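Chain identifiers are assigned alphabetically (A, B, ...) following the order of the sequence lines, protein sequences preceding nucleic acid strands; residue numbering begins at 1 within each chain. Keep in mind the model is a prediction, meaning the values are calculated, not measured.
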Amino acid sequence: MLCSVSTLHLFSHPNSNSPTSQNLHNLLHSFNTPFELKQLHAHLIKTNTPLSTLPLPLTKLALVTALTPDFPYAQCVFKHLDKPEIVFWNSCLKAWAEGQSPFDAILLFYQLREFDIVPDDFTCSFVLKACAALSDVLNGRIVHGYVEKLGFRSNLFLQNMIVHLYASCGAMGDARLLFDKMSQRDVVTWNIMISQSVKSGDVEGAFELFSLMPERNVRSWTAMIAGYVQCGKPKEAIHLFMEMEEAGLRPNEVTVVAVLSACADLGTLDLGRRVHEYSNCSGFRGNVRVSNTLIDMYVKCGCLKDACTVFDEMEERTIVSWSAMIAGHAIYGQAEEALSLFSKMVQIGMKPNDVTFIGLLHACSHMGMIDKGREFFNSMTRDYGIIPRIEHYGCMVDLFSRAGLLQEAYVFIMNMPIKPNGVVWGALLGGCRVHRNIELAEEAIQHLLELDPLNDGYYVVLSNIYAEAERWEDTAKVRRLMRDRGVKKTPGWSSITVDGMLHEFAAGDESHPQAEEIFQMWGKLLQKLKIKGYVPKTSIVLLDVEENEKEKFLYRHSEKLALAFGLMKTPPGMPIRIMKNLRVCEDCHAAMKLISGIVNKEIIVRDRNRFHCFKDGSCTCNDYW
DNA sequence: GACCAATTCC
């Protein structure tokens with residue numbers, strides 16, 4: 001403040017009777033408080049300089065003035081300027097609504113009303129923006145009332161903002177009501193309704209709107225495509241993307257991000273690559289979000305190398321880029337790379353966030369690095385002030401359980417400051433299966449059945465545990481429990497893309513047009529496998545049937561069918577990429593290791609948890625999964 | 001003198 005006061009003397013400095021515009025500019029930038037503004041004002045009055053000739057940025061003037069506890073004084077200043085007073089208040093509202101203090105914008109709005117300053121349509125738009133930023137539906141309703149009272153009902157901009165405000169605050173009913181009675185709507189109105197319907201979980205409703213709207217722009221398509229991705233329907237998203245291309249619209253960066261996410265979910269590398277090329281041709285190469293999504297897409301499509309290339313070529317990286325790359329290495333079991341990437345990141349001063357640590361903990365648990373995992377878990381709060389989320393606890397329990405530290409895992413759960421969820425108990429249950437601890441498994445399942453009684457996965461693991469112990473009565477009990485509760489086993493499926501076509505296989509699937517050849521192919525493989533010492537792991541078949549019956553069940557597993565088909569269709573030297581919706585089965589894992597050596601081919605399997613890259617008879621997971 | 005809708009890592 002002292003600095004500003006002293007710079008005031010510049011005005012009356014003997015050598016500068018009229019200040020140059022440059023130092024006047026500098027001077028004005030140093031005004032930050034109402035007190036300083038009053039000083040300036042006083043000076044201008046004294047020197048008879050009209051306020052309106054000041055090159056002061058409007059927003060700045062408005063901000064400084066509005067901070068005055070002496071509201072009428074500010075008003076009086078604005079009245080001496082050559083523009084309507086409301087313009088200055090609007091600049092102020094805009095700055096606050098879009099900045100860090102939207103609540104002050106709302107307060108100022110009420111103050112204007114108190115001083116009988118009549119808001120115009122712009123005033124309303126900025127206050128609505130402030131309400132939206134705060135998800136403040138209560139004040140939003142009041143402002144909506146003013147919009148009506150002030151006669152702005154035919155202002156489409158404002159109406160759209162109000163629809164958006166209600167919808168984004170979760171008041172979808174109000175949004176819909178307003179939407180229905182609007183006398184005119186434009187494409188923005190429809191787009192708002194589409195994206196907000198998706199957010200409220202109603203994709204069908206969104207698609208209905210999308211179908212009904214009279215004209216669509218790129219944003220309409222993008223909203224719908226992103227909507228499908230968000231609600232776990234990546235196939236529909238890709239389908240719609242194709243239609244969009246056919247309709248002759250050019251996808252923008254956001255469309256590209258949405259489609260790439262769909263490709264990541266489905267593992268459709270072909271389309272992912274094509275969109276990558278399109279993205280480069282369209283000048284999106286420098287777009288950080290696009291690159292981040294590309295990293296994720298390549299990681300989830302089994303091309304860690306391509307993900308690394310994208311990452312390396314990025315000119316600007318955000319924490320999302322680093323986290324995506326760390327998580328990428330983690331699911332391939334490359335813990336060393338994940339950790340060294342983290343060190344580099346910290347070295348250049350990038351601050352990790354909660355997601356970064358989920359990736360790191362994942363890396364540790366996939367490779368059994370218990371001490372490192374503990375270290376990261378402690379460091380995250382101690383060094384970075386990040387409060388662990390349930391996901392972090394889940395990773396820790398997974399880390400301990402997989403490594404066989406079941407007791408430690410149990411104690412860890414008991415000491416958690418937040419209520420353990422299904423993932424946490426599920427991780428313990430998984431460890432109990434690997435390390436054959438029936439007692440603790442039963443404890444875990446008690447909690448799981450309470451938390452998530454309809455999740456079939458837990459029942460299956462428990463019955464696996466009983467089956468491996470040959471406790472058939474208990475296995476039957478679990479299956480009875482499932483039946484009584486109406487829990488259906490999620491059918492396992494595997495998919496593989498050949499010549500751009502996605503082929504899906506369920507267990508024992510005979511519906512494929514080439515089913516017969518596929519089974520023949522498997523028969524041939526089986527012979528070679530047995531020579532190599534393959535013994536079918538029949539204990540994982542949950543049925544109390546004859547051994548040879550069990551084998552038949554094993555041989556019909558979807559990942560084996562997909563693999564046989566892949567071997568028929570993939571040219572030499574080209575890796576086979578298989579996606580599975582559940583975890584890869586133990587028997588299939590053992591078989592694939594051997595097959596990779598027999599056929600001298602790389603087999604990359606994405607399961608629910610991670611990647612397995614089979615090559616020369618072994619898997620990158622080192623059988624630690 | 002200015003207002004409306006969307007995107008990435010878990």
Could you state the atom-to-atom distance from [atom1] of [X] to [atom2] of [N] in whole Å?
X: A:F376; N: B:dC10; atom1: CZ; atom2: C1'; value: 17 Å
X: A:R216; N: B:dA5; atom1: CZ; atom2: C1'; value: 17 Å
X: A:M325; N: B:dC9; atom1: CE; atom2: P; value: 14 Å
X: A:Y228; N: B:dT7; atom1: OH; atom2: P; value: 18 Å
X: A:M345; N: B:dC9; atom1: CE; atom2: C1'; value: 11 Å
X: A:M314; N: B:dT8; atom1: CE; atom2: C1'; value: 9 Å
X: A:I326; N: B:dT8; atom1: CD1; atom2: C1'; value: 15 Å
X: A:N191; N: B:dA6; atom1: CG; atom2: C1'; value: 9 Å

Identify each donor-acceptor pair in which a side-chain atom of residues 302-309 of chain A lies under 3.5 Å from a protein atom, sequence neighbours left out, and give them as a table.
from: A:D306; atom 1: OD2; to: A:R273; atom 2: NH1; distance (Å): 3.0
from: A:T309; atom 1: OG1; to: A:K305; atom 2: O; distance (Å): 2.9

Next item on the list: Would you confirm whether A:R216, through its side chain, and A:W221, through its main-chain N or O, come within 3.5 Å as a donor-acceptor pair?
Entry: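 Side chain of A:R216 to backbone of A:W221, a donor-acceptor pair under 3.5 Å: no, none is there.
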
Note to self: Suppose the criterion is side chain to side chain donor-acceptor pair (under 3.5 Å): which pairs have a residue in residues 196-205 of chain A, not counting sequence neighbours?
What the structure shows: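 Counting only pairs at least two positions apart or across chains, no side chain to side chain donor-acceptor pair (under 3.5 Å) contact touches residues 196-205 of chain A.
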
For [X], does the [atom1] atom sit with more than 12 other heavy atoms under 6.0 Å from it, leaving out its own atoms?
X: A:R113; atom1: CZ; value: yes
X: A:E243; atom1: CD; value: yes
X: A:E336; atom1: CD; value: no

Check DNA chain B against [range] and give the residues with a non-hydrogen atom under 4.0 Å, in numerical order.
range: residues 243-264 of chain A; result: A:N252, A:V254, A:V257
range: residues 272-310 of chain A; result: A:R289, A:N292, A:T293, A:D296, A:K300
range: residues 143-180 of chain A; result: A:F157, A:N160, A:M161, A:H164
range: residues 122-134 of chain A; result: A:F122, A:S125, A:F126, A:K129

Note to self: Under a 3.5 Å cutoff, is there a donor and acceptor pairing between the side chains of A:N191 and A:N217?
What the structure shows: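 Result is yes, a qualifying pair exists.
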
Next item on the list: Check the angle between the aromatic planes of A:F179 and A:W190 and answer parallel, tilted or perpendicular using the 30° and 60° thresholds.
Entry: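 Perpendicular.
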
Next item on the list: Enumerate the residue pairs fulfilling salt bridge (charged side-chain N to carboxylate O under 4.0 Å, His left out) with a member in residues 89-105 of chain A, sequence neighbours excluded, ordered by first and then second residue.
Entry: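 As it turns out, the salt bridge (charged side-chain N to carboxylate O under 4.0 Å, His left out) pairs with a partner in residues 89-105 of chain A, which skip direct neighbours, are A:K94-A:E98, A:E98-A:K129.
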
Notebook entry, point to check: Which of the following nucleotides, B:dC10, B:dG1, B:dA6, is nearest to the side chain of A:S195?
Noted result: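 Of all the options, the side chain of A:S195 is nearest to B:dA6.
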
Check: Looking at the side chain of A:Q230, which of B:dC10, B:dA5, B:dT7 is the nearest nucleotide?
Finding: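 Closest nucleotide among those given: B:dT7.
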
Output all residues satisfying ring-ring contact (aromatic ring centres under 6.0 Å, His included) with [X], sequence neighbours left out; order by chain, then residue number.
X: A:Y228; value: none
X: A:Y384; value: A:F357
X: A:H164; value: none

Name each donor-acceptor pair under 3.5 Å that joins a side chain in residues 280-288 of chain A to protein atoms two or more places apart or in another chain, with its distance.
from: A:S282; atom 1: OG; to: A:R250; atom 2: NH2; distance (Å): 3.3
from: A:S282; atom 1: OG; to: A:Y278; atom 2: O; distance (Å): 2.8
from: A:N287; atom 1: OD1; to: A:R289; atom 2: N; distance (Å): 2.9
from: A:N287; atom 1: OD1; to: A:V290; atom 2: N; distance (Å): 3.0

Next item on the list: Just jot down the side-chain hydrogen bond (donor to acceptor under 3.5 Å, both in side chains) partners of A:T356, sequence neighbours excluded, or say none.
Entry: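 Expected list: A:S323, A:N353.
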
